[in-house]
Amino acid sequence: MREVPPIERAAQVLRAGGLVGFPTETVYGLGADAENPRAVKRVFTVKGRPASHPLIVHIRDARELEDWALGVPETAFRLAERFWPGPLTLVLRRNFRVPRVVTGGLETVAVRVPGHEVARSLLSAFGGGIAAPSANRFGAVSPTTADHVREGLGSGVDYVLDGGPCLVGVESTIVDVSGDAPTILRPGGTTRENLERALGRSLPVHAESPVRSAGQLPLHYAPVARMVLVDADQVLREAKRWQGEGRRVGLLLPPGSLPADTQGIGHAVIAVPGDMTEYAGCLYGFLRELDHRQCEVIVASLPTPEGLGLAIADRLRRAAGPRRCLVP
Ligand code: AMP
Ligand code: MG
């Protein structure tokens with residue numbers, strides 16, 4: 001009997017109303033047929049995600065935008081032309097054919113054209129839109145390998161496509177273009193600077209918006225360990241303090257602060273890359289590694305919020321949660 005190639009098998013699973021874990025350039029997604037409300041509902045169940053938190057619809061290219069959105073503004077087409085395929089999600093007015101379960105009851109819909117070859121092949125083989133959030137339990141660290149998806153969701157996911165580790169490593173940037181002024185709802189893999197250059201205007205980040213985004217929840221993308229954020233020059237001292245209290249401490253040491261002798265300064269020490277693209281690519285892997293090493297506390301500092309540093313700082317802040325964050 002002919003063995004069905006993985007992409008075709010995954011497309012069959014989607015057609016049958018099943019859930020597929022698939023790689024994108026940002027993180028792994030948990031995909032369902034965006035036009036099948038029962039399948040989409042299962043995404044929420046498997047993730048443990050509240051029904052009010054909408055999913056991103058993945059499409060093949062910008063020509064399909066109007067199948068999903070109404071009154072697509074010029075700004076959206078300009079951003080799509082410049083950044084798709086790639087780590088940018090556009091929030092637009094919902095086309096009535098988009099099931100409400102996909103948009104969490106909102107009148108807007110989030111749409112993206114992913115750049116990963118496997119995701120693109122899957123979209124072509126399937127032939128429709130794929131509604132997908134990140135393939136992890138709600139609030140947990142996002143998966144950047146196929147193994148993370150299997151470990152996190154187990155039998156909740158019907159099929160997992162393995163495309164190797166995700167290169168961008170943080171989620172897409174979400175830009176709301178449904179209102180008068182474009183706004184960044186979630187910083188991510190497309191930098192604010194590049195978006196502003198393309199639009200010739202400045203873009204506010206996280207401005208109060210009528211739309212809710214899971215990425216805007218305070219405690220999200222969180223490791224099991226308690227995350228503590230301090231100034232870069234205080235990481236070692238703060239780690240020692242926790243260690244003095246008998247805690248297993250993990251450190252995300254900022255560039256240039258690695259002492260010659262790391263003996264005795266914590267249970268697990270990771271020197272983070274100075275290059276923000278590299279850091280973003282490893283960030284979730286680092287958090288998983290420190291959880292894996294059973295650290296109780298992770299001490300880290302925020303990078304400068306420029307380029308991908310903005311998305312990294314956002315994820316670290318959310319991993320720390322407002323109640324736990326020592327830095328305002
Ligand atoms: P996840 O990858 O699990 O974080 O899920 C996809 C992200 O897209 C979440 O942060 C959603 O809340 C966000 N999203 C999807 N649709 C919308 C929308 N209509 N408005 C704002 N954010 C959205
Ligand atoms: Mg997520």
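Excluded from the calculations below are hydrogen atoms, water molecules and symmetry mates; all remaining heavy atoms, backbone and side chain alike, are included.
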Next on the checklist: Could you report the tightest heavy-atom contact between L19 and G156, atom names first, then the distance?
Outcome noted: CD1-O, 3.9 Å

Next on the checklist: If you compare all heavy atoms of H58 against all heavy atoms of L123, which two are closest, and at what distance to 0.1 Å?
Outcome noted: O-CD2, 3.3 Å

Checklist entry - Same hydrophobic cluster for M227 and Y279, using side-chain heavy-atom links shorter than 4.5 Å among ILVMFWY? => result yes

Checklist entry - Do V113 and L88 have side-chain heavy atoms sitting under 4.5 Å apart? => result no

Item to check | Value rounded to 0.5 Å, distance of CZ in R82 from CG in L79 | outcome: 9.5 Å

Next on the checklist: Against the six-membered ring of F138, is R49 placed for a cation-pi contact (under 6.0 Å from the centre, within 45° of the normal)?
Outcome noted: no

Next on the checklist: For residues V20 and V4: do they belong to one hydrophobic cluster (side chain heavy atoms under 4.5 Å, members Ile, Leu, Val, Met, Phe, Trp, Tyr)?
Outcome noted: no

Item to check | Whether E296 side chain and R248 backbone form a donor-acceptor pair below 3.5 Å | outcome: yes

Item to check | Steps toward salt bridge (charged side-chain N to carboxylate O under 4.0 Å, His left out) verdict (R42, D158) | outcome: CA-CA 11 Å; R42 242 189 90 210; D158 300 308; 3.1 Å; yes

Checklist entry - Roughly how far, to the nearest 0.5 Å, is CD1 of I298 from NE2 of H267? => result 11.5 Å

Item to check | Pair R97-E35, salt bridge (charged side-chain N to carboxylate O under 4.0 Å, His left out): steps then yes or no | outcome: CA-CA 8 Å; R97 67 176 268 235; E35 291 177 81; 2.8 Å; yes

Item to check | Exercise: identify the closest heavy-atom pair between T89 and S172 | outcome: OG1-OG, 2.7 Å

Item to check | pair E151-P143: side-chain heavy atoms closer than 4.5 Å | outcome: no

Item to check | Side-chain H-bond candidate by donor/acceptor type, S134 with E171, under 3.5 Å | outcome: no

Checklist entry - For the side chain to side chain contact (heavy atoms under 4.5 Å, CB included) test, which of V91, T108, V40, V98 pairs with T103? => result V98

Next on the checklist: Quick check: closest heavy atoms across V27 and S142, and the distance to 0.1 Å?
Outcome noted: CG1-CB, 3.9 Å

Checklist entry - Is there a donor-acceptor contact under 3.5 Å linking the side chains of R112 and T24? => result yes

Checklist outcome for this item: Output for pair (L195 CG, S202 OG), nearest 0.5 Å, gives 12.0 Å

Checklist entry - Given side chains that start at C-beta, do those of Q243 and V249 come closer than 4.5 Å, heavy atoms only? => result yes

Next on the checklist: What verdict does the side chain to side chain contact (heavy atoms under 4.5 Å, CB included) test give for L252 and V269, after you've listed the backbone C-alpha separation in whole Å, the side-chain angles of each residue and the deciding distance to 0.1 Å?
Outcome noted: CA-CA 6 Å; L252 288 180; V269 181; over 6 Å; no

Next on the checklist: Quick check on the hydrophobic clustering: are I270 and L302 connected, directly or via other members, by side-chain heavy-atom contacts under 4.5 Å?
Outcome noted: yes

Item to check | Cation-pi, W68 ring and R94 (6.0 angstrom, 45 degrees) | outcome: no

Item to check | From CA spacing to verdict: side chain to side chain contact (heavy atoms under 4.5 Å, CB included), I174, D176 | outcome: CA-CA 7 Å; I174 302 181; D176 183 357; over 6 Å; no

Next on the checklist: Main chain of R60, side chain of E64: is a donor-acceptor contact present, judged purely on distance under 3.5 Å?
Outcome noted: yes

Item to check | Interatomic distance, L122 atom CG to I130 atom CD1 [nearest 0.5 angstrom] | outcome: 4.0 Å

Checklist entry - Have Q12 and R15 got a donor and an acceptor in their side chains that come within less than 3.5 Å? => result no

Next on the checklist: Quick check: do R201 and E196 have side-chain heavy atoms less than 4.5 Å from each other?
Outcome noted: no

Item to check | Student check: side-chain heavy atoms of L253 and V272 closer than 4.5 Å | outcome: no

Checklist entry - Take atom CD in E81; do more than 12 heavy atoms of anything else shown fall under 6.0 Å from it? => result no

Item to check | T277 versus L308, closest heavy-atom pair with distance | outcome: CA-CD1, 3.6 Å

Checklist entry - Within the distance-only criterion (no hydrogens, no angle test), does the side chain of D231 pair as donor or acceptor with the backbone N or O of D233 below 3.5 angstrom? => result no

Checklist entry - Are I56 and Y28 connected in a single hydrophobic cluster, I mean Ile/Leu/Val/Met/Phe/Trp/Tyr linked by side-chain heavy atoms less than 4.5 Å apart? => result no

Item to check | is_close_aromatic(Y284, H148), centroid dist under 6.0 Å | outcome: no

Item to check | Donor-acceptor contact present, side-chain R120 to main-chain P114, <3.5 Å | outcome: yes

Checklist entry - Yes or no on side chain to side chain contact (heavy atoms under 4.5 Å, CB included) for W84 and L65, after CA distance, side-chain angles and deciding distance? => result CA-CA 12 Å; W84 280 356; L65 254 181; 3.9 Å; yes

Item to check | Beyond-backbone contact of V230 with V299, side-chain heavy atoms, under 4.5 angstrom | outcome: yes

Item to check | Minimum heavy-atom distance P303-M276, with the two atoms named | outcome: CB-SD, 3.7 Å

Checklist entry - With side chains defined as the heavy atoms from C-beta onward, is the minimum distance between F126 and I7 less than 4.5 Å? => result no

Item to check | Heavy atoms of other groups near R63 CZ, more than 12 under 6.0 Å | outcome: no

Checklist entry - Is the backbone N or O of A225 less than 3.5 Å from a side-chain atom of D291, with the two atoms forming a donor-acceptor pair by type? => result yes

Next on the checklist: Grouping I, L, V, M, F, W and Y whenever their side-chain heavy atoms are under 4.5 Å apart, do V205 and V175 come out in a common cluster?
Outcome noted: yes

Checklist entry - Where do V228 and W242 land on the side chain to side chain contact (heavy atoms under 4.5 Å, CB included) test, with the steps shown first? => result CA-CA 10 Å; V228 174; W242 284 100; 3.9 Å; yes

Checklist entry - Hey, is CZ on R237 packed in by over 12 heavy atoms from elsewhere, all under 6.0 Å? => result no

Next on the checklist: Counting neighbours of CD1 on I265 that are heavy atoms of other residues, nucleotides or ligands and sit closer than 6.0 Å, is the number greater than 12?
Outcome noted: yes

Next on the checklist: Within the 4.5 Å heavy-atom criterion, are N136 and L153 side-chain neighbours or not?
Outcome noted: no

Checklist entry - With no hydrogens and no angle check, do the side chains of T173 and R192 hold a donor and an acceptor under 3.5 Å apart? => result no

Item to check | Modelled atom types, side-chain donor and acceptor of T145 and D147, under 3.5 Å | outcome: no

Checklist entry - How many angstroms lie between CD in E193 and OG1 in T191, if you round to the nearest 0.5 Å? => result 5.0 Å

Item to check | Pairwise distance CG(L316) to CG(L283) - rounded to 0.5 angstrom | outcome: 5.5 Å

Item to check | N-O pairing of R241 and E238 below 4.0 Å | outcome: yes

